[in-house]
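This report concerns only the one structure given below.
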Amino acid sequence: MDRNHLHDMVSVRQIMKSLRSLVAQDISTQDRLDRIVTLLAQRLRMDVCSCYITRPGGILELYATCGLDAKAVHETFLRIGEGLIGEIALQRRPLAVEDAWQHTSFVYKPETKEKAFKSLAGVPIIRSNRVLGVLAVQTKQKQSFSAELIELLETVGMVLAEMLGEQQLKTPTAKAVSTGGRQRIEGTGLIDGFALGKSVIHKRTESAVQVLAKDTVTETQKLRQALNRVEREVNKMLTRSRISGDQADIFETYLMFIKDKGWIAKMVKAIESGLTADAAVQKVRDEISARMALMTDPYIRERIHDFNDLASRLMRHLRRQTKSGDVIRLPKNTILVAQNLGPAELLDYDRTKIKGIILEEGSQTMHMVIVARSLNIPLICGIKNVCRIIAEGDSIALDATRGYVYLNPSDETLDELSNRAQHQKKLHARYAQMKELPAVTKDGISVSLNINAGLSQDLMVAEGTFFDGIGLYRTELPFMLADDLPDVKNQTTTYHKAILQARGKPIVFRTLDIGSDKVLPYFQRHVEENPAMGWRSIRMTLDRRALLRNQLRAFIRAAADRELRIMFPMIANVEEFLEAKKTLMMEVEREKRRGGKLPVSIKVGTMIEVPSLIFQLERLLREVDFISIGTNDLAQFLYATDRGNPLIWNRYDPLSPPLLKALKYICDACQQAGVPCSVCGEMAGRSLEAVALVGLGFRSLSMNPAALGAVKAAIRTMDQAQLEAYLTKQLQTSSHSLRETLKTYAQDHGILI
C-alpha cells in the first residue's frame with residue numbers, strides 16, 4: 001500500500017482484523033490507544049499517528065502518539081477550535097492539508113517536536129453526537145491524502161469512539177427522580193392546546209453493540225434485509241395511521257430515503273471497510289448529523305430528527321429489537337417526553353393514548369410537529385434537559401398555548417386550564433371557518449399570504465392549506481445534504497419539481513444563502529471572526545461565479561415556458577445587485593444561443609437584510625421587480641444583536657419603534673415606486689407582528705405553513721386604516737417595545753391574536 005492510496009483492500013481488512021484483536025484484549029485504555037496509533041502509523045506508512053481525547057471544558061489532550069515526542073503525551077493541550085486538531089473537533093468533519101504550517105488555523109506546540117512534519121490529515125471521533133476526540137496522521141513530505149485514507153481513518157475513529165464511549169459509560173447516567181413537588185416550567189408552545197396525564201420518557205437507539213465485522217458479505221445481506229423490513233414497517237404504519245394524505249407525504253420521503261442509492265452505498269462501503277451493518281448505519285448517521293448540527297438555521301437543523309429517526313429504526317431492525325409494524329403500548333393519558341422525536345417514532349406509539357408532547361428540541365416546520373398537529377396533540381418544545389427535569393410517571397398539566405408545563409399541578413391550576421381550554425376550542429373553530437376565505441381586512445384590504453419552503457416535501461405538506469404562492473424557496477438545502485456539488489442537471493430537476501408542485505402559483509427562488517453557519521461539506525471552511533457578517537451568501541457566489549452561474553442556468557431551464565422569479569440575498573449595495581443581475585442576463589443569452597426554451601418572463605428581486613441598502617432605495621427600486629424583507633437578519637444587524645446568542649436574543653423586540661420605522665420607510669418607498677414588497681422573516685408568521693406589518697402598509701407576507709390559519713384570522717378581524725392611524729402615533733414614542741400596547745389594542749378591537 002503506497003502513502004497516497006489504499007488500493008490493497010486485503011491490507012485494510014488486515015488492519016481491521018488487528019484492531020478487532022486489540023479491542024478484545026484485556027488491557028488498559030492507554031495501552032490499547034498506544035498500540036492502535038503504532039499499528040496505524042506502521043501499516044499506513046505514516047510518520048506520525050496521534051490520538052487526542054476531549055476533556056471537560058472543551059480541552060483536547062494528546063493521549064497517545066507514534067511519531068511525536070512521547071514526553072508530550074498528557075502534556076499537550078488544545079482548546080476545541082484551536083489549531084488544526086481543534087478545528088477538526090469544532091467542525092466535526094475530516095480535514096486534510098498538504099502544508100499544515102501554511103494553514104491559517106495551524107498552531108505549533110513546541111513540546112511535540114513536530115517541526116519536521118508538513119502534511120496532516122485528521123478525523124473527529126464522534127459517538128452519539130458528542131466529539132470524544134480526534135485521530136490524526138502526519139508526514140514529513142508534503143502530500144495529498146486520498147479519500148480512501150480518510151474513509152479508513154473515519155472507520156478507525158468509530159472503533160475508538162465505541163471503545164472510549166464504553167469507558168465513559170461505566171459511570172451511570174443521572175436520571176430524573178420524581179420528587180412530588182410542584183413546579184412550573186416555561187417552554188415554547190408549538191401546537192396550542194391543553195392536556196393532563198402521566199409522563200412517559202421516550203428512549204432512542206444510541207449506538208452499535210458490536211463494531212467490527214467478521215464477515216462483510218453477511219453484514220451487507222443483513223443491511224439489505226433490514227432496509228426491506230423498515231420499508232414494510234413504514235408502509236404498514238401509513239396504512240394503520242389515520243393521518244391526512246398531506247401528512248402521509250412526509251413518510252413518502254422516508255421510503256425514498258430507504259431506497260436512496262447514495263445512502264445505501266455509503267453504508268455498504270463502511271461495511272466493506274470492516275464494520276458491522278449496525279456500526280455502518282451508525283457511522284453514516286453520525287457523519288451526517290455532525291455536519292448538520294453545526295447549522296444554527298432551525299429549518300436545517302430540524303431535518304436531523306427525520307434522519308436520526310430512520311437510522312435508529314434501521315439499527316433496531318438490525319438487532320431484531322422490534323417486529324415490523326409493532327405499536328408501543330402506553331398507559332392511558334400519556335404525556336410523551338423526549339429530547340427530540342421523529343415523525344415515524346411518534347407513530348410507533350399508540351397515539352390514542354398520547355394527550356401531549358414535551359420536547360427539548362423542535363420547531364413549527366419540524367415534520368414530527370406537522371404530524372402531531374394533524375393528530376391534534378398539544379406540543380411544547382425548548383425545555384433544556386427535559387428528560388432530567390421530568391421523571392417517568394410524573395403528573396403533568398400542559399398549557400401549550402402559553403408554553404407552560406406544570407409538574408404535579410394544583411387544583412387551582414387545573415381549574416384555570418380547563419376554562420382556558422374551552423376558550424381555545426372556540427377560537428380554533430373560528431380559524432376553521434376562515435380556512436378557505438381570503439385574507440381581507442374588515443375595511444377591504446387584501447393581503448397575500450405565502451409560504452416559505454426549502455425542500456420539495458415542504459410543498460407536499462402544504463398542499464392541504466390555502467396560500468397564494470411561495471414567497472421564499474430556500475435553495476441551499478440540497479447543496480448541504482449532498483457530498484458533492486450538485487451539477488446543473490440535478491439542480492434543474494430539483495427546481496422543476498418545486499415549480500410543478502407549486503401548481504401554477506408564483507414561486508420565488510432565493511439564490512444560495514451559504515456561508516456563516518451554512519457550510520458546504522465539500523468546500524474548505526474559512527475561519528472568520530464574525531461569520532454572520534462575513535464571506536457568505538451573494539458575497540461568496542459572486543466571488544465563486546461558476547457556482548452562481550450554474551444555479552442561474554438551472555433556474556432558467558427549470559422554468560422553461562413558465563414565469564421565473566429570482567431573489568438575491570444579503571445584498572449590501574446596488575452594485576452587488578447589478579452584478580448579480582448581469583450574471584443572470586448572461587445565462588439567459590447563453591441559453592438562447594444553445595436553442596433552449598426560456599421562461600416566458602423573468603422577474604428579479606432582492607432581499608433587504610443589510611441596513612445599508614435602506615439608504616440606497618431610490619436607486620435600487622429603479623432596478624428591481626420586487627423586494628422582500630428578511631426581518632431576521634435585518635433586526636440583528638440593525639440592533640447589532642446576535643440572534644443565536646441566548647444571552648441577548650430577547651433584549652430587543654421586533655415590535656420596537658426603530659425597527660417598525662425602518663420597515664415602514666421601506667414599505668412606503670416601494671409603494672411610491674410601484675414595486676411589490678413582502679416580508680418573509682419570522683415576523684410575518686406571528687399574529688401580532690403580522691397585524692402590525694399590515695398596519696404599516698404591507699400587502700404580502702410569507703411564513704411557515706403552520707402559521708397561516710392564525711395570521712389569516714388576525715387579518716380578517718382587523719381594520720387596517722384604524723390600526724395604521726394608531727401605529728403612526730405610537731411610532732413617535734420612545735418605548736422599548738410596542739408589544740403590550742398592540743396586544744391591548746387588539747383585545748379592545750376584537751382582533752384575534
Quiz item: Below 4.5 Å, heavy atoms only, C-beta onward: do I357 and L346 meet side chain to side chain?
Solution: yes
Quiz item: Which heavy atom of I396 sits nearest a heavy atom of S199, and at what distance?
Solution: CG1-CB, 4.1 Å
Quiz prompt | Sub-4.5 Å side-chain heavy-atom contact between L449 and I715 | solution = yes
Practice problem: Apply side chain to side chain contact (heavy atoms under 4.5 Å, CB included) to the pair L341 and H202, showing each step before the final yes or no. | Solution: CA-CA 8 Å; L341 199 65; H202 169 72; 3.5 Å; yes
Self-check item: E219/K214 salt bridge by N-O under 4.0 Å criterion
Solution: no
Practice problem: Quick one: list whatever passes side-chain hydrogen bond (donor to acceptor under 3.5 Å, both in side chains) with T155, sequence neighbours left out. | Solution: S273
Practice problem: Locate the shortest heavy-atom distance separating G685 from M703; write the atom from each residue and the value. | Solution: CA-CB, 3.7 Å
Quiz item: When rounded to the nearest 0.5 angstrom, what is the spacing between OG1 in T276 and CE in M315?
Solution: 8.5 Å
Quiz item: Does F194 reach the side chain of L398, with side-chain heavy atoms less than 4.5 Å apart?
Solution: no
Practice problem: Any chance you could measure E186, atom CD, to Y404, atom OH, to the nearest 0.5 Å? | Solution: 4.5 Å
Self-check item: Nearest-0.5 Å distance, OG1 of residue T220 to CD of residue Q225
Solution: 11.0 Å
Quiz item: Is any side-chain heavy atom of N452 less than 4.5 Å from a side-chain heavy atom of C680?
Solution: yes
Exercise. In plain terms, say whether K384 and E360 are close enough for a salt bridge, that is, a side-chain N and a carboxylate O under 4.0 Å apart.
Key: no
Quiz item: Just how far is it from atom CD1 of I380 to atom CG of L359, taken to the nearest 0.5 Å?
Solution: 10.0 Å
Self-check item: pair K355-T334: side-chain heavy atoms closer than 4.5 Å
Solution: no
Quiz item: Can you find a pair of side-chain heavy atoms, one from Y349 and one from L330, that are under 4.5 Å apart?
Solution: yes
Quiz item: How about R420: does its CZ atom have over 12 heavy atoms from other parts shown lying under 6.0 Å from it?
Solution: yes
Quiz prompt | Where M267 and A280 come nearest, the two heavy atoms and their spacing | solution = O-CB, 3.5 Å
Self-check item: For G193 against T401, the heavy-atom pair lying closest together
Solution: N-OG1, 3.4 Å
Quiz item: Are the side chain of K712 and the backbone N or O of L437 linked by a donor-acceptor pair below 3.5 Å?
Solution: yes
Quiz item: Between L212 and L275, which heavy-atom pair has the shortest distance, and what is it?
Solution: CD2-CD2, 4.5 Å
Quiz item: Does the side chain of R232 reach to within under 4.5 Å of the side chain of N228, using non-hydrogen atoms?
Solution: yes
Quiz item: Can you name the side-chain hydrogen bond (donor to acceptor under 3.5 Å, both in side chains) partners of S418, sequence neighbours left out?
Solution: none
Practice problem: Might you point out which heavy atoms bring K198 and S395 nearest each other, and give the distance in Å? | Solution: NZ-CB, 3.9 Å
Practice problem: Please report the C-alpha distance between D653 and R739 in whole Å, then the side-chain angles of each, then the deciding distance to 0.1 Å, and finally whether the salt bridge (charged side-chain N to carboxylate O under 4.0 Å, His left out) criterion is met. | Solution: CA-CA 8 Å; D653 194 326; R739 183 169 300 278; 2.8 Å; yes
Practice problem: Could you pull out all residues at least two apart from T188 that satisfy side-chain hydrogen bond (donor to acceptor under 3.5 Å, both in side chains)? | Solution: none
Practice problem: Report yes or no: does K505 contribute a side-chain atom to a donor-acceptor pair with the main-chain N or O of F467 at less than 3.5 Å? | Solution: yes
Quiz item: Are P654 and R686 close enough that some pair of their side-chain heavy atoms sits under 4.5 Å apart?
Solution: yes
Self-check item: R229 side, atom CZ; L318 side, atom CG - distance, nearest 0.5 Å
Solution: 7.0 Å
Self-check item: Carboxylate-amine/guanidinium contact K269 E154, below 4.0 Å
Solution: no
Quiz item: CG/L336 to CZ/R351 distance, rounded to the nearest 0.5 angstrom?
Solution: 14.5 Å
